[in-house]
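Structure first, commentary second.
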Amino acid sequence: MSVIDEPAEEPDQIRDQLRQLFRYRALVVLGLVLGMLGGGAVALLGSSTYTATGEVVVHPISTAPFEAGGVSVDKQISMGTERQIAQSASVAVSAAKSLKLHEDPARLQRDLRVSNPPETQILMFEYDADSADRAAALVNAYVRAYLNYRTDAAKQQIDSTVGKLGDELKPLQEQRKVLDRRIAARSGGRSTDESERSNLVSEIADIQGRISSLKSLDTTPGDIVRKGDPPAFPSSPGLALLLLAGAVVGLVLGILAAWVRSVLEPRVRSVADVQDNLRAPVLGILPRRQGSAQLLEVGTGGGNRAEAYRTIAFRLVHDQRFAGRGSLLVVSPRENTDAFSAAANLAGAFAEIGNDILLVEADLRTPRLARELPLHDGHARPVPGSWAEGERLAVDTGVDGRFDLLPGREVPNPARALSSPQFARLLNAPLGPNEKVVVVTGPLLSHADGLAVAKQAAGVVVVCDLNEVRRDDLDRVWELITGAGGHILGAVLDKGSRGTSLRRLTDGGPTHRKRGLGRRPATVVAAPPQPGPPPPTGPATEGGASVDTDTTALRP
């Protein structure tokens with residue numbers, strides 16, 4: 001694979017990641033619906049918010065605010081300090097008193113915002129309320145309370161300073177009166193008194209000038225440049241915007257929940273996952289059952305599942321690992337997969353292509369095949385003695401032929417029966433090129449019966465329910481079979497019956513993703529087919545692992 005081919009894998013990886021997320025589309029839909037319901041609830045249950053705005057330009061206290069020279073006007077006040085004053089509790093109390101509101105000033109302050117645009121001497125008052133009139137009334141009350149507070153503070157400072165200067169002025173005026181009387185009473189030697197009086201007059205004139213200057217100060221703290229009018233529209237988002245915001249938030253949360261669910265998913269989610277965990281190729285995928293289909297579908301009925309079984313049988317016949325060695329074990333990891341149906345249909349498919357087939361039901365605990373398969377009349381008599389040497393029944397596969405069945409029988413010790421010499425001869429006796437034995441046992445992870453057969457059979461086919469099989473189960477199956485000396489030929493994936501609408505909504509099922517770059521190759525590689533007539537639909541290989549390309553096997 002060249003470097004040029006690597007970018008071609010990126011769209012496949014993106015599509016696969018999207019499929020993994022949208023397999024749990026119920027979580028995505030649930031998040032979307034809950035988000036929209038939350039947005040609608042906020043819009044309906046929460047009251048609308050109205051914002052009224054008032055603006056004040058702040059003036060410094062000055063006798064000539066437009067005179068040049070000295071300190072500039074914009075440096076005589078601190079806008080940060082003025083903003084803190086506007087938000088103070090004293091202003092809030094004054095605003096509440098002006099409107100005769102019996103509310104906690106701290107509660108009124110929570111809905112007030114005061115800001116100062118950069119490079120300006122403007123304070124912007126914004127107030128949020130549940131009605132337009134209340135917002136306008138409160139913002140205007142705050143503006144007036146702020147201006148009144150600054151006016152009162154300036155007047156108090158001026159009155160205090162004037163009072164102090166008056167206290168300094170009174171003794172000087174009394175001293176001047178004494179000097180006037182002394183000067184008037186003397187006829188000579190008045191130069192000292194007149195000089196002292198001149199100094200007092202100068203000091204008195206200076207203090208009087210300062211008092212006059214303070215009384216002439218303009219105490220107007222600022223001008224209202226924008227009055228708070230009732231807003232025509234609410235400032236809070238409307239129903240449509242809240243629904244949209246809730247949908248976006250809910251969709252994000254739903255996708256996040258789906259991603260977490262996909263990460264924590266223990267089941268296999270693709271064909272490549274099965275190949276990675278079982279270390280064997282996937283021989284085929286069985287379509288879903290339509291309704292209550294009978295156990296034997298090959299020969300007695302048509303459909304996509306019968307064609308899929310025929311394809312799998314052709315693959316096994318032309319597999320050098322199985323050809324010439326006629327014993328095949330069909331087993332499932334757990335009870336949720338019907339390995340008996342797969343074994344019976346594979347036996348029927350082998351019989352269709354001219355093989356002499358013996359289907360052995362090695363489930364010696366709860367046998368069932370004799371009751372569910374179409375048998376010829378007169379072949380249901382119990383035979384005493386060893387189970388492996390018992391009477392064989394004939395299974396009718398319609399116009400396509402028949403195969404023999406060695407039905408299961410309840411025995412006291414199933415492990416001893418499966419390890420007996422009679423059963424070993426049944427599997428290992430010299431067979432013709434067209435004679436094959438298909439053995440089916442109970443679930444491998446529930447009983448050890450399958451391991452007793454796996455070490456003697458030529459190959460093992462693992463039947464998995466594509467919607468239920470877990471990665472850990474496949475790893476355990478591989479460890480048990482290879483540890484017992486068995487050889488896994490591949491896996492057959494069964495989609496099972498069509499699930500309920502709720503199941504299909506909550507879980508989109510696994511994807512049929514093929515093995516791509518960077519995937520771990522399977523340890524068992526399908527051998528090339530033997531010479532002979534090719535099957536109508538054959539397998540292909542990709543990346544060293546067998547990949548099913550039969551359209552009937554992948555048909556939903």
Side-chain angles (χ1 to χ4, degrees), residues 54-95 97-98 114 116-117 119-123 125 140-225 227:
E55 295 180 358
V56 175
V57 58
V58 182
H59 294 163
I61 305 299
S62 174
T63 55
F66 301 104
E67 287 184 358
V71 181
S72 60
V73 172
D74 60 341
K75 299 299 182 181
Q76 295 179 6
I77 56 177
S78 171
M79 296 306 300
T81 303
E82 299 300 322
R83 189 167 62 88
Q84 294 296 326
I85 292 174
Q87 294 176 321
S88 64
S90 299
V91 175
V93 171
S94 178
K97 288 182 178 180
S98 65
V114 181
N116 170 231
E119 307 296 333
T120 66
Q121 292 181 233
I122 294 178
L123 288 181
F125 292 77
N140 289 326
Y142 263 100
V143 168
R144 291 192 299 269
Y146 165 72
L147 294 177
N148 293 336
Y149 178 86
R150 284 205 65 211
T151 300
D152 294 341
K155 288 182 177 180
Q156 289 178 3
Q157 290 180 356
I158 292 174
D159 292 342
S160 176
T161 306
V162 168
K164 293 179 180 180
L165 292 176
D167 293 339
E168 294 179 6
L169 182 62
K170 287 180 180 180
L172 294 178
Q173 289 176 340
E174 293 296 331
Q175 187 176 357
R176 187 186 63 180
K177 291 179 180 180
V178 172
L179 290 176
D180 288 341
R181 287 195 294 269
R182 286 171 56 186
I183 292 173
R186 290 183 179 182
S187 58
R190 296 179 298 179
S191 58
T192 302
D193 294 336
E194 289 178 352
S195 175
E196 184 177 355
R197 182 180 180 281
S198 175
N199 292 334
L200 284 175
V201 170
S202 177
E203 290 182 13
I204 291 172
D206 181 60
I207 294 174
Q208 289 177 341
R210 291 168 61 187
I211 293 175
S212 177
S213 177
L214 288 173
K215 290 183 177 181
S216 65
L217 286 176
D218 183 11
T219 58
T220 303
D223 297 326
I224 299 176
V225 296
K227 183 181 178 182

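If you're wondering where the values come from, they're calculated on a predicted model, not measured in any experiment.
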Kindly compute the distance separating [atom1] ([X]) from [atom2] ([Y]), expressed to the nearest 0.5 Å.
| X | Y | atom1 | atom2 | value |
| --- | --- | --- | --- | --- |
| D159 | Q156 | CG | CD | 8.0 Å |
| I158 | I211 | CD1 | CD1 | 13.0 Å |
| E55 | I224 | CD | CD1 | 11.5 Å |
| L200 | Q175 | CG | CD | 4.5 Å |
| L172 | K170 | CG | NZ | 12.5 Å |

Do you know which two heavy atoms are closest between [X] and [Y], and how far apart they sit?
| X | Y | result |
| --- | --- | --- |
| P221 | T151 | CD-OG1, 3.1 Å |
| M79 | T120 | CG-O, 3.9 Å |
| A95 | A145 | N-CB, 3.8 Å |
| V201 | R176 | CG2-CD, 3.8 Å |
| A92 | Y142 | CB-OH, 3.4 Å |

Answer yes or no: is there a donor N or O on one side and an acceptor on the other, between the side chain of [X] and the main chain of [Y], under 3.5 Å?
| X | Y | result |
| --- | --- | --- |
| S212 | Q208 | no |
| S198 | S195 | no |
| D223 | V56 | no |

With heavy-atom distances below 4.5 Å as the criterion, would you say the side chains of [X] and [Y] are in contact?
| X | Y | result |
| --- | --- | --- |
| S90 | Y149 | yes |
| E174 | V178 | no |
| V91 | Q87 | no |
| E82 | Q121 | no |
| E168 | L165 | yes |
| R150 | V58 | yes |

